[in-house]
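Okay, so here's the structure we're looking at.
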Amino acid sequence: MSDLPLSGKLALVTGASRGIGAATAQVLAAAGAHVVLTARTTGGLEEVEDRIHQGGGHATIAPLDLTDGESIGRLAQAISGRWQALDILVLNAATLGSLAAAQAIDSKEFARVLTLNVGAQQALIAAFDTMLRASSDARLVALTSSVVAPRAYWGAYGASKAALETLVGAYGEEVKNISAIRTHIVDPGATRTAMRARAFPGEDPASLKGPEVVAETILRLVTADTPTGHRMRVEG
């Protein structure tokens, strides 16, 4: 019998081909979970899967485009056909879009940002609700941003993350008395990722904490008796 804290648990991490998603997948696998990795980039997923296997962990890759609602349904069907319950769902995948004044936001791009950052997240919750309810201790972790507090030129991305927080919080309230599901919101803060580099091209990446710091925080959240609705910012 393994003494790893997540032994026998199943986790699903979106946006797992790089950055915070990849680091989280590796940390959860090292703690004993079987991790399903999703992202659009097959090559990146395979690299993360290889690192997990080399570390003695277990993972399965599932390349897909989360903006395709039907693909989320197919993923849920495939996972439920193999496992009975989903213990950890990490909603990490997101797109930044362009930084622009509110009146200058491109409507088509804004729709794409909302589709991935909000619509796909709702579709994931809907698709995996039954499996989460089947767990004896399910955790849903959503990655957010400090720009949910209004900041100039961040209206599109900030609005999408504010909507995500509201959506996840509402789900947590709806299921807290009828299931073992707990929801958590994590603001990673300034972290060395490709998205951060795109948003702040002049910033020295060496001055930022690595994605593994956020991943370790997520691990602590899901292995502790953290109350539902807990929101935290990762410092460092």
Side-chain ion pair, Asp68 and Arg40, N-O less than 4.0 Å: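 No, no charged N to carboxylate O under 4.0 Å.
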
Ionic contact status for Arg51 with Glu49, cut-off 4.0 Å: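 No, Glu49 and Arg51 are not salt-bridged.
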
Once side chain to side chain contact (heavy atoms under 4.5 Å, CB included) is applied, do any residues pair with [X], and if so which ones, sequence neighbours excluded?
X      : answer
Pro5   : Ala31, Thr223
Arg231 : Thr144, Val148, Glu165, Ile185, Asp187
Asn117 : Ala94, Thr95, Val113, Tyr157, Ser160
Glu174 : Ala170, Tyr171

Please collect all ring-ring contact (aromatic ring centres under 6.0 Å, His included) contacts where either partner lies in [range], sequence neighbours excluded, each pair once.
range            : value
residues 205-236 : none
residues 119-152 : none
residues 46-77   : none

If you look at every heavy atom in [X] and [Y], which pair is closest and at what distance?
X      : Y      : result
Ala142 : Val168 : CB-CG2, 3.8 Å
Pro188 : Thr191 : O-OG1, 3.2 Å
Ala120 : Leu66  : CB-O, 3.3 Å
Arg151 : Ser146 : NH2-OG, 3.2 Å
Ala62  : Val36  : CB-CG1, 4.3 Å
Ala33  : Ala11  : CB-CB, 4.4 Å

Between Asp87 and Ser135: side-chain donor-acceptor atoms closer than 3.5 Å: yes

His184-Thr226 side chain donor-acceptor pair, cut-off 3.5 Å: no

Those residues that, when tested against Thr130, pass side-chain hydrogen bond (donor to acceptor under 3.5 Å, both in side chains) (two or more places apart):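 None.
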
Would you be so kind as to tabulate the donor-acceptor pairs closer than 3.5 Å made by side chains of residues 74-84, with sequence neighbours excluded?
unit_1: Ser80; atom_1: OG; unit_2: Ala76; atom_2: O; d: 2.9
unit_1: Ser80; atom_1: OG; unit_2: Gln77; atom_2: O; d: 3.1

Ser71 side chain to Asp65 backbone, donor-acceptor under 3.5 Å: yes

Cluster check Val147, Leu164: I/L/V/M/F/W/Y, side chain < 4.5 angstrom: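 They do not share one cluster, since no chain of ILVMFWY contacts under 4.5 Å joins Val147 to Leu164.
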
Shared hydrophobic cluster for Met195 and Leu116 (ILVMFWY, side-chain gaps under 4.5 Å):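 No; tracing contacts between hydrophobic side chains, which count when under 4.5 Å, never links both residues.
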
Hydrophobic cluster partners of Val48 (side-chain heavy atoms under 4.5 Å):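 Noted: Val48 shares its cluster with Leu6, Val13, Ile20, Val27, Leu28, Val35, Leu37, Leu45, Ile52, Ile61, Ile88, Val90, Val141, Leu143, Val186, Val213, Val214, Ile218, Leu219, Leu221, Val222, Met232, Val234.
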
Note, Arg112 side chain near Thr115 side chain (heavy atom, < 4.5 Å): no

What is the distance from atom [atom1] of [X] to atom [atom2] of [Y], rounded to the nearest 0.5 Å?
X      : Y      : atom1 : atom2 : value
Ser145 : Arg233 : OG    : CZ    : 8.0 Å
Ile72  : Gln122 : CD1   : CD    : 9.0 Å
Met131 : Ile181 : CE    : CD1   : 11.5 Å
Thr42  : Glu47  : OG1   : CD    : 11.5 Å
Arg182 : Asp137 : CZ    : CG    : 5.0 Å

Sequence neighbours excluded - salt bridge (Lys or Arg N to Asp or Glu O under 4.0 Å) pairs with any residue from residues 197-210: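 Sorted pair list: Arg196-Glu203.
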
Sequence neighbours excluded - salt bridge (Lys or Arg N to Asp or Glu O under 4.0 Å) pairs with any residue from residues 120-131: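 Only Asp129-Arg133 qualify under salt bridge (Lys or Arg N to Asp or Glu O under 4.0 Å).
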
side-chain contact (heavy atoms from CB on, under 4.5 Å) between Phe200 and Leu208, intermediate numbers included: CA-CA 12 Å; Phe200 299 93; Leu208 305 175; over 6 Å; no

Name of the residue among Leu132, Leu167, Val175, Thr183 meeting side chain to side chain contact (heavy atoms under 4.5 Å, CB included) with Ile125: Leu167

